[in-house]
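Worksheet for the structure shown next.
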Amino acid sequence: MAGGRPPVGIKDVARAAGVSVGTVSNVLNQPDRVSEQTLRHVKEVIEGLGYVRSESARQLRAGQSRIMALLVLDLSNPFFVDVARGAERAAREAGLGVMVCTSDQSAEEEAHYLSLFAEQRVRGALVTPADPSGETLRAFRRQGIPYVVVDRVTGDEEGCSVSVDDVAGGALAVRHLLAQGHRSLAYVSGPPHLKQVQDRREGAHLALAEAGLDAGLLRELPTERLDVSAGRDAGSRLLGLGERPTAVFCANDLLALGVLQALYAAGVKVPEDMAIVGYDDIEFAAAATVPLTSVRQPARTLGTLAARMLLQETATDADRHHHEHVVLQPELVVRQSSLARE
């Protein structure tokens, strides 16, 4: 046959072993109901033929998938890699696998993957939304598949959520810069439609208000993406400002690392000429040329809690499940990039 030999089926195993299909099924699923001799014989035939059971067919018969889906904004961001690791560990402990996909910060890609998850009838989905309208999640909800919103504060009564208080995180960053004596600040913010970007800006303005300072002291430089390249571009724009800020707060560490590269290339010293604070505290933050001060998010904990919430909702006693909205607190990790000269 073109394309190779057709896959070996359970009927082929039964024929080769000289037993019924029901006996092969018992060997695979209820071995205690088969004699030791038959069990050994059928297993030898299975190994000889190279038979692999159809997990998708087994799941359809059982009525529940063993696959959990995870949709994040950007898998090139180490923060989301750590979220995925946390989710995978919790899923593995429950005997499940995780299908990890990225929306690439696109509402259209988000809709595509949520449709795919529905077609595959996954156990449930963990989603960091890219669509600010929430329409793609509302459409997914109509498929009857449970989901948990990750890294987003939500009061959605249709599903659980686990997030970090980004307003508090933005305030931590700017309070620190103000304490270092800075009064001319910039916010490299990322795509304006993302709720995380908006909340971190709100926190920055909150810190300024607490200090009795005008919100106009914080100049915003939005970017199309949340990556190093966008940070380098923002760094170039910072350098071109008429009155150059003395400190910059970035919506994530990848942006901050890009800004740091642009400043370094231009001979601008960090933190002497310009201080930098990032967000997420990815592994590369501490290893940067100038170790980066950052607002730490417990990424793996986010993934672990989200997966456990979904597992609880899809358990046999799911009728007792109540949707939760857990908000974790960030912490500031101070390093060389933001410290004032002594």
Side-chain angles (χ1 to χ4, degrees), residues 1-72 75 81 83-102 112-127 140 143-148 150 159-160 300 303-321:
M1 172 182 281
R5 189 179 65 179
V8 176
I10 192 170
K11 291 181 180 178
D12 299 313
V13 174
R15 190 181 304 115
V19 298
S20 68
V21 170
T23 297
V24 178
S25 178
N26 283 337
V27 168
L28 295 170
N29 302 303
Q30 295 177 301
D32 57 311
R33 300 183 63 178
V34 183
S35 71
E36 186 64 34
Q37 182 179 355
T38 300
L39 183 66
R40 186 166 52 251
H41 171 60
V42 173
K43 282 187 173 181
E44 288 174 355
V45 172
I46 286 173
E47 184 176 348
L49 292 177
Y51 168 77
V52 178
R53 74 164 73 192
S54 172
E55 181 62 20
S56 59
R58 191 201 69 78
Q59 290 173 10
L60 284 172
R61 289 192 298 271
Q64 192 169 50
S65 171
R66 292 177 59 201
I67 298 297
M68 177 188 300
L70 170 63
L71 181 61
V72 298
L75 274 175
V81 174
V83 170
R85 285 173 175 160
E88 187 209 11
R89 173 165 293 185
R92 188 170 64 245
E93 288 174 353
L96 273 65
V98 180
M99 178 197 307
V100 183
C101 303
T102 175
H112 165 74
Y113 279 114
L114 289 177
S115 177
L116 176 64
F117 298 161
E119 289 173 8
Q120 296 296 316
R121 304 307 298 176
V122 297
R123 177 74 157 262
L126 312 177
V127 183
F140 185 66
Q143 301 296 324
I145 301 175
Y147 65 84
V148 175
V150 185
C160 294
R300 293 199 187 193
T304 299
L305 286 178
R308 288 176 178 168
M309 287 177 174
L310 191 60
L311 289 168
Q312 184 183 60
E313 186 170 356
T314 58
T316 54
D317 59 349
D319 289 344
R320 292 186 291 172
H321 173 78

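What you are looking at is a predicted structure, and each value in this text was computed from that prediction instead of being measured.
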Report yes if the side chains of [X] and [Y] come closer than 4.5 Å at any heavy-atom pair, otherwise no.
| X | Y | value |
| --- | --- | --- |
| L75 | V72 | yes |
| P31 | R33 | no |
| L28 | I46 | yes |

Of R123, Q120, R121, the one forming a side chain to side chain contact (heavy atoms under 4.5 Å, CB included) with I145 is R121
Assess the residue pair L114 and L71 against the criterion (side-chain contact (heavy atoms from CB on, under 4.5 Å)); give the C-alpha distance rounded to whole Å, side-chain angles, the decisive distance to 0.1 Å, and a yes or no.
CA-CA 8 Å; L114 289 177; L71 181 61; 4.3 Å; yes
side-chain hydrogen bond (donor to acceptor under 3.5 Å, both in side chains) involving T304 - partner list, sequence neighbours excluded:
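T304 satisfies side-chain hydrogen bond (donor to acceptor under 3.5 Å, both in side chains) with no other residue.
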Report the residues that fulfil side-chain hydrogen bond (donor to acceptor under 3.5 Å, both in side chains) with R89, sequence neighbours left out, ordered by chain and then residue number.
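So R89 forms no side-chain hydrogen bond (donor to acceptor under 3.5 Å, both in side chains) with any residue.
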Return the set of residues passing side-chain contact (heavy atoms from CB on, under 4.5 Å) with L311 (not counting sequence neighbours), or none when no residue passes.
M68, A94, L96
side-chain contact (heavy atoms from CB on, under 4.5 Å) against S115, all qualifying residues, sequence neighbours excluded:
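Expected list: E119.
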Any pair with a residue in residues 13-25 that passes salt bridge (Lys or Arg N to Asp or Glu O under 4.0 Å), sequence neighbours left out, goes on the list, sorted by first then second residue, please.
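Residue pairs with at least one partner in residues 13-25: D12-R15.
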Are the side chain of T23 and the backbone N or O of V19 linked by a donor-acceptor pair below 3.5 Å?
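Checked: no pair found.
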Give a yes or no on whether the backbone of G95 and the side-chain of R66 come within a donor-acceptor separation of less than 3.5 Å.
yes
What's the verdict on side-chain contact (heavy atoms from CB on, under 4.5 Å) for R308 and E93, showing C-alpha distance, side-chain angles and the deciding distance?
CA-CA 10 Å; R308 288 176 178 168; E93 288 174 353; 4.1 Å; yes
Within residues 35-44 or reaching into it, pairs that qualify as side chain to side chain donor-acceptor pair (under 3.5 Å) - sequence neighbours excluded
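Found S35-T38.
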What's the spacing between L70 CG and C101 SG if we round to 0.5 Å?
8.0 Å
Given the rule in the side-chain contact (heavy atoms from CB on, under 4.5 Å) test, do V13 and V21 qualify, once you have shown the distances and angles that lead to the verdict?
CA-CA 8 Å; V13 174; V21 170; over 6 Å; no
What are the two closest non-hydrogen atoms of [X] and [Y], and how far apart are they?
| X | Y | value |
| --- | --- | --- |
| P146 | F140 | O-CE2, 4.4 Å |
| E88 | V98 | CA-CG2, 3.8 Å |
| A87 | L126 | CB-CD1, 3.8 Å |
| V45 | A16 | CG1-CB, 3.7 Å |

Evaluate the criterion side-chain contact (heavy atoms from CB on, under 4.5 Å) for residue pair F117 and M99; output intermediate values, then yes/no.
CA-CA 9 Å; F117 298 161; M99 178 197 307; 3.6 Å; yes
